[in-house]
**Q** 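Sharing a structure, written as structure tokens. Questions coming.
First the proteins, then the strands, lettered A, B, ... as listed; each starts at 1.
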Amino acid sequence: MSIQIPRGTQDILPGEVERWQYIEEKARELCKRFNYKEIRTPIFEHTELFLRSVGDTTDIVQKEMYTFTDRGDRSITLRPEGTASTVRAYVEHKMYGLPDQPTKLYYIGPMFRYERPQSGRYRQFVQFGIEALGSADPAIDAEVISLAMEMYKGLGLQKLKLIINSLGDQESRISHRTALTDHFAPHIEEFCSDCQKRLETNPLRILDCKKDREHPLMETAPSILDYLNEESAHYFQKVQRYLQSMGIEFEVDSRLVRGLDYYNHTAFEIMSDAEGFGAITTLMGGGRYNGLAQEIGGPETPGIGFALSIERLLLALAAEGIELPLGKGIDCYVVALGEEAKDASVTLVNELRKSNITVEKDYLDKKVKAQFKAADRLEAKFVVILGDDELERKVASIKNLQTGTQEEVALDSIASYLMENRDR
RNA sequence: GCGAUCGUGGCGAAGUGGUUAACGCAUCGGAUUGUGGUUCCGACAUUCGAGGGUUCGAUUCCCUUCGGUCGCCCCA
């Protein structure tokens, strides 16, 4: 039995990889327009980073991390998300001291979570995310959200739902938490075992429970929105107003609780509404994390960001039946007939490539017919035919595969002929 | 971690307790000694995910295992 790919990972082969390249390119263009700069951080970090940032009561930390001990006896974890590393780098390199603030960063790269794979969920998956550090202006919350929306809309997606919520600041969260505990505690034995634990660890997450969704106490549970102090409420108002002014539609859902501990104030999520999507419809998640930098040992720094998965983006595109405009086909295929022509084709192909023409030739000693078939399959615009009698006259026949017309061109002007005609 | 379902050539897929494992696509060769996308002919699985068991005999029955897919929990 040959060795197989590890569970939950995938090889992205030619034919599929073009879609990834296209999306990554779009993401980079978008970030350039919004003035976010790329940051590349390691794929593994000290485990401690995620314990401190993501939160040790979260599912990510409790059951999904790829953690191992290296030869130096250090506990290392393959990054399950990108924010922690980005903020770590921001603090470590004292980027808060850089002249241009806020610091606006983006990343594209693999993340790792040990889970059972299913549609839209992998053990290694690719996230594109942005982080804006150093500003507590609600306008930048709106900017981050708008960039996310623009990413999807720019690719042609339409069936999107943006959900936002506010988790409030420390003070608001504490009073809400107390209210939640008081609300659920008397009847907590009616809830699932997870929720019973959550009452102690993080009562907010009870609201997110899928099992106990129908419990009457869920309906009457205190909403965070009623516990926001004046400052938090005002902040959330401003975010909403900015979004409205940008023409971005959204829905406020006070039950939106993000899965990571570091969030506060604005939390948001984009889901796909498309028919036939799998069970997982969350395309992107993000939020504000004002205490995170400090948690990691840096100065108190406000921050906000999002992360989206390319895998799910591709699923959404498929669900909406969107074809990406990928450039296919090569400019030219050189068909050689006979030994001398074959030798000549080697140098010709080389010259054409130097002229920036995409060109292929046969390396399997195929018959002429098979060479033409190959040219056809590669969607070549032209076939350059080199035969012995052409060679003697220092010409080649060039056939346009779309029109089927053919003409003779002097050997030394093939490149210019192709360049002139390839875009028609 | 739990559950459902599947696993036959490069891909899609039929099939049976028993001497040659359909078919379609793709590929390669030929019809057409230097011209593609159409057509016709031909070639292409000592083998049915792996290991073990039952049996005179298993791809087909049983067990184990690995893997895919989908779902639960949770998330991107």
**Q** Regarding A/Glu390, tell me which of base, sugar-phosphate or nothing describes its non-hydrogen contacts under 4.0 Å with the strands shown.
**A**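 Base contact - A/Glu390 has a heavy atom under 4.0 Å of at least one base atom.
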**Q** Compare side-chain N and O positions of A/Gln118 against OP1 and OP2 of B/rU69 and report whether any pair is under 4.0 Å apart.
**A**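 Answer no for this pair, as no side-chain N or O of A/Gln118 is under 4.0 Å from OP1 or OP2.
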**Q** Without hydrogens or angle criteria, can the side chains of A/Thr58 and A/Asp261 be said to hold a donor-acceptor pair below 3.5 Å?
**A**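 Side chains of A/Thr58 and A/Asp261: no pair found under 3.5 Å.
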**Q** Return the residues of residues 48-58 of chain A meeting this criterion: a heavy atom under 4.0 Å from some atom of RNA chain B. Order them by number, or give none.
**A**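 Residues of residues 48-58 of chain A under 4.0 Å from RNA chain B: none.
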**Q** Ignoring hydrogens and geometry beyond distance, is the side chain of A/Lys399 in donor-acceptor contact with the base of B/rG36 at under 3.5 Å?
**A**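 In this structure, the two groups form a donor-acceptor pair.
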**Q** Considering residues at least two apart in sequence or located in another chain, which fulfil the side chain to side chain contact (heavy atoms under 4.5 Å, CB included) criterion with A/Ala410?
**A**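 Expected list: A/Asp412, A/Ser413.
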**Q** Mind checking if A/Ala375 touches a base, just sugar-phosphate, or nothing, with heavy atoms under 4.0 Å?
**A**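 No contact at all - A/Ala375 keeps every heavy atom at 4.0 Å or more from the nucleic acid.
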**Q** Quick one: salt bridge (charged side-chain N to carboxylate O under 4.0 Å, His left out) partners of A/Glu295, sequence neighbours excluded?
**A**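 If we apply the salt bridge (charged side-chain N to carboxylate O under 4.0 Å, His left out) test to A/Glu295, skipping adjacent residues, there are no hits.
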**Q** Can you check whether A/Lys369 has a side-chain N or O nearer than 4.0 Å to OP1 or OP2 of B/rU35?
**A**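 Looking at the OP1 and OP2 atoms of B/rU35, neither is under 4.0 Å from any side-chain N or O of A/Lys369.
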**Q** With sugar-phosphate meaning primed atoms plus P, OP1 and OP2, does A/Gly82 contact a base, only sugar-phosphate, or nothing at under 4.0 Å between heavy atoms?
**A**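 Result for A/Gly82 = nothing.
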**Q** List for me each residue that meets side chain to side chain contact (heavy atoms under 4.5 Å, CB included) alongside A/Ala148, sequence neighbours excluded, and say none if there are none.
**A**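 Applying side chain to side chain contact (heavy atoms under 4.5 Å, CB included) to A/Ala148 gives A/Ile270, A/Met284, A/Phe306.
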**Q** Classify A/Gly278 by what it touches in the nucleic acid, base, sugar-phosphate, or nothing, heavy-atom distance under 4.0 Å.
**A**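 Sugar-phosphate: the residue A/Gly278, judged by heavy atoms under 4.0 Å, touches backbone atoms but no base.
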**Q** Looking at every strand, decide which applies to A/Lys63 at a 4.0 Å heavy-atom threshold: base, sugar-phosphate, or nothing.
**A**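 The residue A/Lys63 makes base contact.
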**Q** RNA chain B: A/Glu64 or A/Thr9, which has the more 5' nearest nucleotide?
**A**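 Result: A/Thr9.
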**Q** Using a heavy-atom cut-off of under 4.0 Å over every strand shown, decide if A/Glu81 touches base, sugar-phosphate, or nothing.
**A**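 No contact.
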**Q** Can you work out whether A/Lys367 or A/Leu337 has the more 5'-proximal nearest nucleotide on RNA chain B?
**A**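 Result of the comparison: A/Lys367.
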**Q** What are the atom names and distances for every N/O pair under 3.5 Å that joins the protein to nucleotides 2-9 of chain B?
**A**
{"unit_1": "B/rC2", "atom_1": "N4", "unit_2": "A/Arg116", "atom_2": "NH1", "d": "3.1"}
{"unit_1": "B/rG3", "atom_1": "O6", "unit_2": "A/Arg116", "atom_2": "NH2", "d": "3.3"}

**Q** Report the residue from A/Thr358, A/Leu352, A/Leu378 that forms a side-chain contact (heavy atoms from CB on, under 4.5 Å) with A/Cys332.
**A**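 With A/Cys332 as partner, side-chain contact (heavy atoms from CB on, under 4.5 Å) holds for just one option, A/Leu352.
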**Q** Once you apply a heavy-atom cut-off of 4.0 Å, does A/Leu313 come out as touching a base, just sugar-phosphate, or nothing?
**A**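 The answer is nothing, as A/Leu313 stays clear of every strand by at least 4.0 Å.
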**Q** Is there a donor in the side chain of A/Asp141 and an acceptor in the side chain of A/Tyr235, or the other way round, less than 3.5 Å apart?
**A**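 Checked: A/Asp141/A/Tyr235 side chains pair up, N/O donor to acceptor below 3.5 Å.
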**Q** Might you confirm whether atom CD of A/Glu340 has over 12 heavy atoms from other residues, nucleotides or ligands at distances under 6.0 Å?
**A**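 12 or below, so no.
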**Q** Which part of the nucleic acid does A/Leu308 contact within heavy-atom distance under 4.0 Å: base, sugar-phosphate only, or nothing?
**A**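 The residue A/Leu308 makes no contact with any strand.
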**Q** Just by distance, no angles: are the side chains of A/Gln118 and A/Arg121 close enough, under 3.5 Å, to form a donor-acceptor pair?
**A**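 Yes, A/Arg121 and A/Gln118 have a side-chain donor paired with an acceptor closer than 3.5 Å.
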**Q** With a 4.0 Å cutoff (strictly under), does any side-chain N or O of A/Thr282 reach OP1 or OP2 of B/rC75?
**A**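 Looking at the OP1 and OP2 atoms of B/rC75, neither is under 4.0 Å from any side-chain N or O of A/Thr282.
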**Q** Write down the distance separating the P atoms in B/rU60 and B/rG1, rounded off to the nearest Å.
**A**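 To the nearest whole Å, 28 Å.
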**Q** Looking only at side-chain N and O atoms, does A/Thr86 offer a donor or acceptor that is under 3.5 Å from a partner on A/Glu131?
**A**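 A/Thr86 and A/Glu131 do not have a side-chain donor-acceptor pair below 3.5 Å.
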**Q** Paired stems touching RNA chain B, three or more consecutive Watson-Crick or G-U pairs with both distances under 3.5 Å?
**A**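 Listed by first number, the stems are B:1-7 with B:66-72, B:10-12 with B:23-25, B:27-31 with B:39-43, B:49-53 with B:61-65.
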**Q** Using a heavy-atom cut-off of under 4.0 Å over every strand shown, decide if A/Gly120 touches base, sugar-phosphate, or nothing.
**A**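 Result for A/Gly120 = base.
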**Q** Please work out if A/Ala370 contacts a base, only the sugar-phosphate, or nothing of the nucleic acid, heavy-atom cut-off 4.0 Å.
**A**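 It contacts sugar-phosphate atoms only.
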**Q** Name the closest nucleotide to the A/Arg312 side chain, picking from B/rG37, B/rA76, B/rG71.
**A**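 Minimum distance to the A/Arg312 side chain belongs to B/rA76.
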